[in-house]
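Structure first, commentary second.
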Amino acid sequence: METTGSIKLIIESKLENVPLIGGAVRGIASALSLDDVSGYHLELCVVEAVTNVTKHAYTLEAGNSVELNILLFPDRITFQVCDRGKSLDPAKVRLLRFDPQKRETLPESGMGLFIMHALMDEVYYETESGLNVLTMSKYLRR
Amino acid sequence: METTGSIKLIIESKLENVPLIGGAVRGIASALSLDDVSGYHLELCVVEAVTNVTKHAYTLEAGNSVELNILLFPDRITFQVCDRGKSLDPAKVRLLRFDPQKRETLPESGMGLFIMHALMDEVYYETESGLNVLTMSKYLRR
Amino acid sequence: MQLHQNKMGDVLIVRPLERRIDAATATEFKEKMSEWIGAGNRRIVLNLSEVDFIDSSGLGAIVSSLKKIGNDGDLVICSVRETVMSLFRLTRMNRVFDILSSEEEAIGALSRRL
Amino acid sequence: MQLHQNKMGDVLIVRPLERRIDAATATEFKEKMSEWIGAGNRRIVLNLSEVDFIDSSGLGAIVSSLKKIGNDGDLVICSVRETVMSLFRLTRMNRVFDILSSEEEAIGALSRRL
Ligand SMILES: Nc1ncnc2c1ncn2[C@@H]1O[C@H](COP(=O)(O)OP(=O)(O)O)[C@@H](O)[C@H]1O
Ligand SMILES: Nc1ncnc2c1ncn2[C@@H]1O[C@H](COP(=O)(O)OP(=O)(O)O)[C@@H](O)[C@H]1O
């Protein structure tokens, strides 16, 4: 299907730049007339993905670039997060399991991939000749 | 002065992509806690600049790329709009002159450069080996 | 660009249903307005309640509609958000157009005239 | 990250003054909370009225504070925006924390306990 618009966003791998990507995604959602909660969800998934690249693929080392492609289709919005760092080991995708009554079981991390899978309609991860691409799509009812 | 954050946004030279850049800028302004009117003014200046590149530098021909760098400094935000199309003739910068009582004198175009100069604290345009860069800065009171 | 329209007496009320009037949509806006003016509408209310972004191309399209109406009619604007209002002020177009807070007041202003 | 704090009896009220609790600010949030808990604060209200973005790192930092308080105290949350609330629901953290609409109610809930 043909896109009805697209934009590429690039930041250097520093946590201080992540809110800029996040703000941009929320602003784009608002320009597309999405409601506040949907805009927050899109920002959240992108921020989780970009933070993961910064922290895990580039182990918080500055000087690398994180690229986000946003593709608009008539029925959905697609985000591609690209990096050339360490690849994601699919075994890392975990369920979120804890007992709300037992404080010691509560997770303090490991919720990012869960959130992306829960909020997006489609998530997949591919590595080809050193380029890692996480693709996430959300269908839009407009 | 060192930046406290930066992001690069790239679109293909099509008018349909301009709202994506505009939405992104407004979202970033909001993430920086700027008020709505200030966010609108930043979006407006960037949209005027990017529209000008699409319309005038690339004469509405798709397949070219328009690049926006956003640089955050402790005291200001700077936008650089870059293209490799036709350069701007500085003689084109006009004052906005009309008689509000005489409808036939009202301008229907030629207001973009006026708006950028009026809303930004600093605007300049440079061409070096085929690369045109329009730089606009706004000081922030935060 | 979607424009909602209805008539009250001889006043045409136009309300854009999209958030943006910019370079991508200005031409279509201008054409539709031009059609309605061509069909004899001379008193028009433009309700901008849904619009939170207008650029110079959008403003130019609104000015073009006013010029097309000519001197025997008027285009009155209402329900302008603070953001968009700042563009009318910056370009002094707030001295060209009557800008009223509600659709009722805008219709009233047009009815008292002529 | 700026955190506003004040005490009402033995309840510490913490209100982040920034819009985001994310990977860039979570560590600082966690450290400051940890300091206050270390200084003996066991009943804490976290007022999220200014916060319109929390990611998994921010949520993790809040959970970490609760765990640090241990079982002889509590962390109660108030004034959560609809957006942020959706994250608590999605991760089922709304069943871990008491989430109340106002600061007064949150203080009340903590005072009735113990
Ligand atoms: N983009 C990535 N590149 C490499 N490893 C990743 C990436 N994203 C996630 N991971 C791995 O998967 C784990 C789980 O990620 P996530 O659910 O986001 O939680 P967290 O980042 O809090 O650990 C991470 O700890 C990391 O080991
Ligand atoms: N980026 C640019 N590259 C080339 N020419 C430009 C550019 N921006 C503006 N111009 C020229 O300057 C003129 C005035 O621009 P502007 O004030 O934005 O009004 P408008 O775009 O409505 O004509 C344009 O008509 C065009 O000839």
Side-chain angles (χ1 to χ4, degrees), chain A residues 2-36 38-47 50-51 53-54 62-74 77-82 140 142, chain B residues 2-36 38-47 50-51 53-54 62-74 77-82 140 142:
Chain A
E2 271 206 35
T3 61
T4 57
S6 69
I7 185 169
K8 185 194 287 294
L9 284 69
I10 304 173
I11 57 166
E12 190 194 329
S13 50
K14 292 182 180 176
L15 291 180
E16 70 182 32
N17 290 329
V18 178
L20 294 175
I21 279 221
V25 168
R26 196 165 334 183
I28 287 170
S30 160
L32 295 173
S33 299
L34 300 186
D35 62 79
D36 283 355
S38 305
Y40 169 68
H41 287 171
L42 296 184
E43 174 177 7
L44 181 57
C45 291
V46 169
V47 164
V50 171
T51 299
V53 168
T54 309
N64 298 293
S65 90
V66 188
E67 206 177 293
L68 171 71
N69 293 310
I70 305 180
L71 308 172
L72 288 183
F73 295 94
I77 182 165
T78 294
F79 301 92
Q80 298 172 324
V81 180
C82 311
L140 305 171
R142 278 197 283 168
Chain B
E2 269 204 38
T3 60
T4 57
S6 70
I7 186 170
K8 186 195 286 295
L9 285 69
I10 304 175
I11 57 165
E12 190 194 330
S13 50
K14 290 180 180 177
L15 290 181
E16 70 182 31
N17 290 329
V18 179
L20 294 176
I21 279 221
V25 168
R26 197 167 331 183
I28 288 170
S30 160
L32 296 173
S33 300
L34 300 186
D35 62 78
D36 283 356
S38 305
Y40 168 68
H41 287 171
L42 296 185
E43 174 177 7
L44 181 57
C45 290
V46 169
V47 164
V50 172
T51 300
V53 167
T54 309
N64 299 292
S65 89
V66 188
E67 204 177 293
L68 170 70
N69 293 309
I70 305 181
L71 309 172
L72 288 184
F73 295 95
I77 183 166
T78 295
F79 301 92
Q80 297 173 322
V81 180
C82 312
L140 304 172
R142 278 197 282 171

### Shortest non-hydrogen contact from A:Ile10 toward A:Glu67
CG1-CG, 3.8 Å

### Minimal non-hydrogen separation, B:Ser6 against A:Leu20, with atom names
N-CD1, 3.5 Å

### Query
Which one of B:Thr3, B:Leu9, B:Ile7 has the most heavy-atom pairs closer than 4.5 Å to chain A?
B:Ile7

### Summary
Scored by heavy-atom pairs under 4.5 Å with chain A, the best of B:Gly22, B:Gly27, B:Ser65 is B:Gly27

### Message
For A:Arg26, is there any backbone N or O sitting under 3.5 Å from a side-chain donor or acceptor partner on A:Ser30?
### Response
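It does not hold such a pair.
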
### Summary
If one checks every heavy atom of A:Ala24 against chain B at 4.5 Å, the contacting part turns out to be both

### Query
Which atoms of B:Ile21 come close to chain A, meaning under 4.5 Å heavy atom to heavy atom: side chain ones, backbone ones, both, or neither?
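When you check distances to chain A, atoms from both the backbone and side chain of B:Ile21 fall under 4.5 Å.
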
### Task
Measure the spacing between NZ of B:Lys8 and CG of A:Asn17 and express it to the nearest 0.5 Å.
12.5 Å

